[in-house]
Amino acid sequence: MTPAATFYLQDAETVARALVGATLLVDGVGGLVVETEAYDHEDPASHSFGGRTARNASMFRAGGCAYVYRSYGIHWCLNVVCGPAGEGSAVLLRALEPTHGLDRMRARRGIDEARLLCSGPGRLCQALGVDASQDGLPLDAPPFALILPERPVPLATGPRIGISKGVATPWRFGLAGSRFLSRPFR
DNA sequence: CAAATGATCTACT
DNA sequence: GTAGATCATTTGA
């Protein structure tokens, strides 16, 4: 099904929950979304907290676009922008269960284990070939394809990873029991 | 203009 | 388990 444009205009937490179990493809390579994190403009841990800057400009677009940024100088991270234009909410995609184009992922990552191909934001982007050239692109047009889950999936919830502020906000969501998570839920 | 920081990953002890 | 890699962006002088 083609995602309704209004789906991505909802708040970050709602979209983050709904994206677990979705299928993401970039140029035909991708898989099942098993881990997400929500960030909104009122969240001290969010890039959009404190206003719009040159780097996070695409995070302030209307929901349904990609927001790609470089982390720790080395890695790329892929976000799904959500909420109305100008708000600054997004959902970080942290892990996929690879289902399409496994051979191309292995070639890009240089490893064999399917479990390690996309289990982490930086790994995910390397496996799918995501970089700054995809920043701001709509997710419902090539090379992207994002198919929402047909039915609800069992959800695990927990605190977000790798941040120093807003740690108490339990906005990390995962597919319960999946072994492709970047870290297990308790 | 200079310095610090970060939504991470890999390799090594 | 712990430290290093590596750089764009942000903040302060």
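Computed over heavy atoms, backbone and side chain alike; hydrogens, waters and symmetry mates excluded. Just so we're on the same page: letters track the sequence lines, and every chain starts at 1.
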Worksheet, complete the sentence: W76(A) CH2 to dC7(C) C1', in whole Å, measures 10 Å
Worksheet entry | Flag side-chain contact, heavy atom, 4.5 Å: L128(A) against F144(A) | no
Item to complete: Select one nucleotide: of dT6(C), dA7(B), dC9(B), the one nearest the side-chain heavy atoms of I74(A).
Response: dT6(C)
Worksheet item: Would the number of heavy atoms belonging to other residues, nucleotides or ligands and lying under 6.0 Å from CZ of R183(A) be above 12?
Response: no
Would you mind writing out the side-chain donor-acceptor pairs for residues 61-87 of chain A within the sub-3.5 Å range, not counting sequence neighbours?
| unit_1 | atom_1 | unit_2 | atom_2 | d |
| --- | --- | --- | --- | --- |
| Y67(A) | OH | H47(A) | ND1 | 2.9 |
| N79(A) | ND2 | Y67(A) | O | 3.2 |
| E87(A) | OE2 | S89(A) | OG | 2.6 |

Practice prompt. Indicate, with a heavy-atom threshold strictly under 4.0 Å, whether R160(A) touches base, sugar-phosphate, or nothing.
Written response: nothing
Worksheet item: Once you round it to whole Å, what is the distance between C1' of dT10(C) and CZ of R55(A)?
Response: 8 Å
Practice prompt. Tell me which nucleotide among dA7(B), dT6(C), dT10(B) gets nearest to the side chain of Y39(A).
Written response: dA7(B)
Item to complete: For the side chain of Y72(A), starting at C-beta, report the closest nucleotide among dA7(B), dT8(B), dA5(C).
Response: dT8(B)
Worksheet entry | Interatomic distance, I163(A) CD1 vs dG6(B) P [rounded to whole Å] | 11 Å
Fill in: Options dA7(B), dA5(C), dC9(B), nucleotide nearest the side-chain atoms of S46(A)
dA7(B)
Discussion item. I want to check one thing: is the phosphate of dG6(B), taken as OP1 and OP2, less than 4.0 Å away from some side-chain N or O of R70(A)?
Written reply: no
Worksheet item: Base, sugar-phosphate alone, or nothing: which one does R109(A) contact when heavy atoms must sit under 4.0 Å apart?
Response: sugar-phosphate
Practice prompt. Rounded to the nearest angstrom, tell me the gap between atom NE2 in H75(A) and atom C1' in dA5(C).
Written response: 8 Å
Practice prompt. Grab the CD-C1' distance between Q126(A) and dT6(C) for me, whole Å please.
Written response: 15 Å
Worksheet item: To the nearest Å, how far apart are I111(A) CD1 and dC9(B) C1'?
Response: 11 Å
Item to complete: Between dA5(C), dT9(C), dT8(B), spot the one nearest the side chain of P121(A), thanks.
Response: dT8(B)
Discussion item. Considering every strand and a 4.0 Å limit on heavy-atom distances, what is the contact class for N56(A): base, sugar-phosphate, or nothing?
Written reply: nothing
Discussion item. Assess, by modelled atom type and distance only, whether the side chains of R108(A) and Q126(A) contain a donor and an acceptor separated by less than 3.5 Å.
Written reply: no
Worksheet entry | Under 3.5 Å side-chain donor-acceptor pair for E97(A) and S178(A) | no
Item to complete: Starting at atom NZ of K165(A), determine the distance to atom C1' of dT10(C), rounded to an integer number of angstrom.
Response: 12 Å
Worksheet item: Is there a Watson-Crick or G-U wobble partner for dT6(C) with both distances under 3.5 Å, and if so, which one is it?
Response: none
Worksheet entry | Distance, rounded to the nearest Å, where R115(A) contributes CZ and dC9(B) contributes C1' | 16 Å
Worksheet entry | Strand partner of dA7(B), provided both Watson-Crick or wobble distances fall under 3.5 Å | none
Worksheet item: Checking all strands, does S182(A) fall into the base, sugar-phosphate, or nothing category for heavy-atom contacts under 4.0 angstrom?
Response: nothing
Worksheet item: With respect to the phosphate group of dT8(B), does any side-chain polar atom (N or O) of R94(A) fall under 4.0 Å of OP1 or OP2?
Response: yes
Worksheet entry | Heavy-atom side-chain contact between S119(A) and L181(A) under 4.5 Å | no
